[in-house]
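Structure record follows, encoded as structure tokens.
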Amino acid sequence: MAYGQIPYQNMEIPSKYESQKVENHWYDYWMKHKYFHSIPNEKEPYSIVIPPPNVTGILHMGHMLNNTIQDVLIRRARLMGKNACWVPGMDHASIATEAKVVAKLKSEGIEKADLTREAFLKHAWDWTDEYGGVILEQLKKLGCSCDWDRTKFTLDDDMYASVIKVFVDLYNKGLIYRGYRMVNWDPEALTTLSDEEVVYEEKQGLLYYLAYKIEGSDETVTIATTRPETILGDTAICINPNDERYRHLRGKKAIVPICNRAIPIIEDAYVDVEFGTGCLKVTPAHDINDKALGEKHQLEVIDIFNADATLNSYGLQYEGQDRFAVRKAISKELKAKGFLVKTEQHLNKVGTSERTKAVIEPRLSDQWFLKMEDLVKPAIAAVLETEEVKFFPKKFENTYRHWMENIRDWNISRQLWWGQQIPAYYFGDGQNDFVVAASKEEALAAAKEKSQNANLTFEDLRQDEDVLDTWFSSWLWPISVFGGIMEPDNEEVNYYYPTNDLVTGPDIIFFWVARMIISGYEFREKRPFENVYFTGLVRDKQRRKMSKQLGNSPDALKLIEQYGADGVRVGLLLSAAAGNDLMFDEDLCQQGKNFANKIWNAFRLVKGWEVADLQQPEAAQLGIEWYRSKFNQALAEIEDHFSKYRISDALMAIYKLVWDDFCSWLLEIVKPAYQQPIDKRTLEAIVQLFEENLKLLHPFMPFLSEEVWQHMNKRTPEQALIVSQWPVMGEVNADLIAGFDFADGVITGIRTIRKEKQIAMKDAISLSVLNEEKAATTWDTVIGKLTNVSEIAYVDAPIDGALSFRVKSNEYFIPISGTIDVAAELEKIQEELTYTKGFLQSVEKKLSNERFVQNAPEKVIALERKKQADAEAKIETLEKSLASLS
RNA sequence: GGGUCAUUAGCUCAGUUGGUUUAGAGCGCUGCCUUGACAGGGCAGAGGUCAUUGGUUCGAAUCCAAUAUGACCCA
């Protein structure tokens, strides 16, 4: 059925696009027809794995941006005929989730310490089942076309098994080892953290100068420390061997205040003679540098803290008190007893836990480590040498290089219960009385062999209590979601892996991106993805990070309700140049919503036209041809933007194409007079072009575009927009585009005069042209239609008593009734003349420079000559007008 | 302390390996315009000596150096 046979249907279509009414409908429709679902087939695959959000998380602006970009890429790939697969999922986020569960239990009066591991995990799973996955439901509201049948959780049985398999494998390769090391201890979460999870903050503190007595004399030696509570763990005083001031103390012993232990005075060049007194107390259990000194000089190690950073029995009367309370108390005692010489203000960097914000305590303990030195090699080469993995924007390669080249072994154990339990089984008390195996059965067999004790039973095996770092499961994500760890040769992983694009934030470049690249090469000898698109951080208008504490993060679902998912998507993307932080401003969502409404109303216009058996007007035919060229030109630009992951530029190109070129120009050119019908050819062409526009819009505004598409014509499920074809590039007629641009100048000139002289649009005017440019008359009908010019006369001399304007060297005259203000006209022309002369001068200056003419490429010189000729022609026109006016 | 990146219109940003009319966009701003698809709209307009100072070049927003300011990363 043709459009025009439904007369004035726009009366029945609301004049405002109502997103709330259509979004759920189309999402359900897409789901029902399984357009998001992907299975391997003969088509080219295009896959993305979602950066799995924390199971505890709720949708915030960062997720919105990130997932909108992924959806744009996936929907475009789908339109391009690829087998698009976007795998969604969630991360168990061990510290964050465990902390939340512990807090919840506490509020119910239950202490984690009173629960068995099994009981605690039951609570955690209950919690996950109840609150987990909210975020995935929210992504649906945003329009994300994930293959929900593939939803994965990092603690699913198969994902769990993958992690264990990888651990065993790396252990057997000798890359995982157990070590007694100084680690970052979070005394609140009671677990270690990797270096990356420690956030350094500058804090104003005190530098305490403490006097230690020298054994067997009345002399004292003064040291400076920021942590007086740790003196109880001191096992040496260290001086620089080149420091004359302390030379006489060689070989002597100092007495630690309060606990009165005698400790040796050692010498090491490590000591900075400039800092403090040039004399250092050494506490190997509580400082990484002191630990190194302690090992070098074989010092005793005295750990004075409990796991929660309260003091233990070495703390004497302070036992059981928190380290910061002790710091105050002990400095008081030291002062009272005369050991405290003085204090100074001191700014130092304090490590804090990313998750709990607790001040990190360096702590010696047994942990599991992954050797990184060799593992990183292929991953470095892939990004920095072969470019098998490309970063957008490229600048993040520097960050990547810096970290990878200075990488340290990865502490992968966490003293938590929520996660994959480390598959190490102890069968005795010796340092090496353990085996690593994927199951208890295998462990028993291995233990029997290792211990040479065939009588071992399951009872004798004790599995390591710790779990693995969450990132030790997410680094396998692109492989494990396709079952590629457990069944390395399965059809799915062979088809979808390597994935194509990864979209994530630069804040997890080390945590996640780098490690996925490492694991990709280690376990599949292939990159995990080809391109990594780093989004910026979402900030508020004042450039502050969005955070719960500041309360500056808008409610994502409310935004969608208010502006429509499409509006929010457009709003986010418009300001999201890759890698730049984006200042989120709700006004941009409003802009997105307005755009949706604009398209909606263009649709109403077209839908409302009645068709009649008419000749196609010349202007309409020309306009349509011009738009075809313009569309292809824009398409080329859009493809180029996509190839560089310039998503917001691609959107802006479409925005301008649709709003300016299609709506403001083309529709105005073809629009019949009020209540007049349109000819069939024009209508069909416009509908077809509109549909092409919708295809371009679909990745960005899936709901609106599908809605309009489905209203435009009756469609079968196979003809839905989401599975239609991305436009194919056609020819660009440069002459048409140039001709239009010139006409644009003429039209603007006429409109300006109408405006200045308050000549209403409904009053027809006539136009005379002094055609110095020999411009084609092709566009006259278009000019006439858009400016209500009744006739265009070509003349060979300036018209007296008319208003004038110029485009290039052409001059246009509009006769008006009444007298014209000659002085004003003269002034206007004089102004243009001054500008053009100035311009000509700058061009001539260049051309008269011999070295320019000799050295510049011919193309550039030709261009300059053209500029010169154009300017000269224009000046001639202007001077002629000046003469005729005065 | 070490490193990376940035500084272009009121705001947010483009400017593709130095030359495409004496710098572009979107938003905002100013003025005019409503029975006509859309006031969530139309049309027109104003607004920048490209952070500063030197240098390289026939030619610099673009390359180099220094300075200033800011952001991020690492220890």
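All values below were derived from every heavy atom in this structure, side-chain atoms included, with hydrogens, water molecules and symmetry-related copies excluded. This structure is a prediction, so every number in the text was calculated from the model and none was measured. A note on names: the letters A, B, ... follow the listed sequences, proteins ahead of strands, and every chain is numbered from 1.
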| said: Reading 5' to 3' and counting Watson-Crick or G-U wobble pairs with both distances under 3.5 Å, write the dot-bracket notation for RNA chain B, | for bases paired outside the strand. | reply: (((((((..((((.....[....)))).(((((.......))))).....(((((..]....)))))))))))).
| task | Map Gln758(A) and Lys808(A) onto RNA chain B by nearest heavy atom, then report which one ends up closer to the 5' terminus. | result | Lys808(A)
| Is the distance between the ring centroids of Trp779(A) and Phe740(A) under 6.0 Å? | yes
| field | Test item: Asp821(A) side-chain N/O and Ala824(A) main-chain N/O as donor-acceptor pair under 3.5 Å | value | yes
| message | If you only use heavy atoms from C-beta on, which nucleotide in C5(B), U22(B), A44(B) is closest to the side chain of Lys755(A)? | response | A44(B)
| request: Counting heavy atoms from C-beta on, name the nucleotide in G42(B), U21(B), G19(B) closest to the side chain of Val860(A). | output: G19(B)
| said: Roughly how many Å apart are U67(B) and G18(B), using the C1' atom of each and rounding to a whole number? | reply: 24 Å
| Axial cation check for Trp410(A) ring with Arg515(A), 6.0 Å and 45° limits | yes
| note | Heavy-atom closest pair (Phe703(A) atom, Tyr17(A) atom, distance to 0.1 Å) is C-OH, 3.9 Å
| message | Nearest whole Å is fine: how far is U16(B) C1' from Tyr645(A) OH? | response | 18 Å
| note | Comparing nearest nucleotides in RNA chain B, the 5'-proximal residue of the pair Asp640(A), Thr834(A) is Asp640(A)
| Hey, are the side chains of Pro506(A) and Thr399(A) touching, using non-hydrogen atoms and a 4.5 Å cut-off? | no
| remark: Taking C38(B), U20(B), G41(B) as options, the one with an atom nearest any side-chain atom of Lys859(A) is U20(B)
| said: At less than 3.5 Å, do the side-chain atoms of Lys598(A) and the base atoms of C38(B) form a donor-acceptor pair? | reply: yes
| request: Ignoring backbone atoms, establish whether Tyr655(A) has a side-chain N or O less than 4.0 Å from OP1 or OP2 of C27(B). | output: yes
| request: May I have the distance from Leu847(A) (atom CG) to U21(B) (atom P), rounded to whole angstrom? | output: 15 Å
| message | A44(B), OP1 or OP2 - any side-chain N/O from Thr748(A) closer than 4.0 Å? | response | yes
| field | Met761(A) CE to A44(B) P, straight-line distance once rounded to whole Å | value | 11 Å
| said: Tell me the interatomic distance from Leu667(A), atom CG, to C38(B), atom P, rounded to whole angstroms. | reply: 13 Å
| Criterion ring pair (Phe, Tyr, Trp, His ring centres under 6.0 Å) against Phe534(A), the qualifying member of Phe396(A), Tyr645(A), Trp512(A) | Phe396(A)
| query | Given A37(B), is OP1 or OP2 found less than 4.0 Å from the side-chain N or O atoms of Lys671(A)? | reply | yes
| query | When the distance from CG of Asp585(A) to C1' of C27(B) is rounded to whole Å, what number comes out? | reply | 9 Å
Identify the pairs formed between an N or O of the protein and an N or O of nucleotides 73-75 of chain B at a distance under 3.5 Å, and give each distance.
from   : atom 1 : to        : atom 2 : distance (Å)
A75(B) : N6     : Lys349(A) : NZ     : 2.5
A75(B) : N1     : Lys349(A) : NZ     : 3.3

| query | Which whole-number value in Å describes the distance from Glu610(A) CD to G36(B) C1'? | reply | 16 Å
| said: From CD of Glu668(A) over to P of G36(B), roughly how many Å is that when rounded to an integer? | reply: 13 Å
| Between C27(B) atom P and Gln590(A) atom CD, what is the distance in whole Å? | 13 Å
| query | Is the Phe662(A) to Phe631(A) ring centre distance short of 6.0 Å? | reply | no
| Under 4.0 Å between a side-chain N/O of Arg604(A) and OP1 or OP2 of G36(B), yes or no? | no
Atom pairs under 3.5 Å, N or O on each side, protein against nucleotides 55-63 of chain B: can you list them with distances?
from   : atom 1 : to        : atom 2 : distance (Å)
C58(B) : O2'    : Asn849(A) : ND2    : 2.7

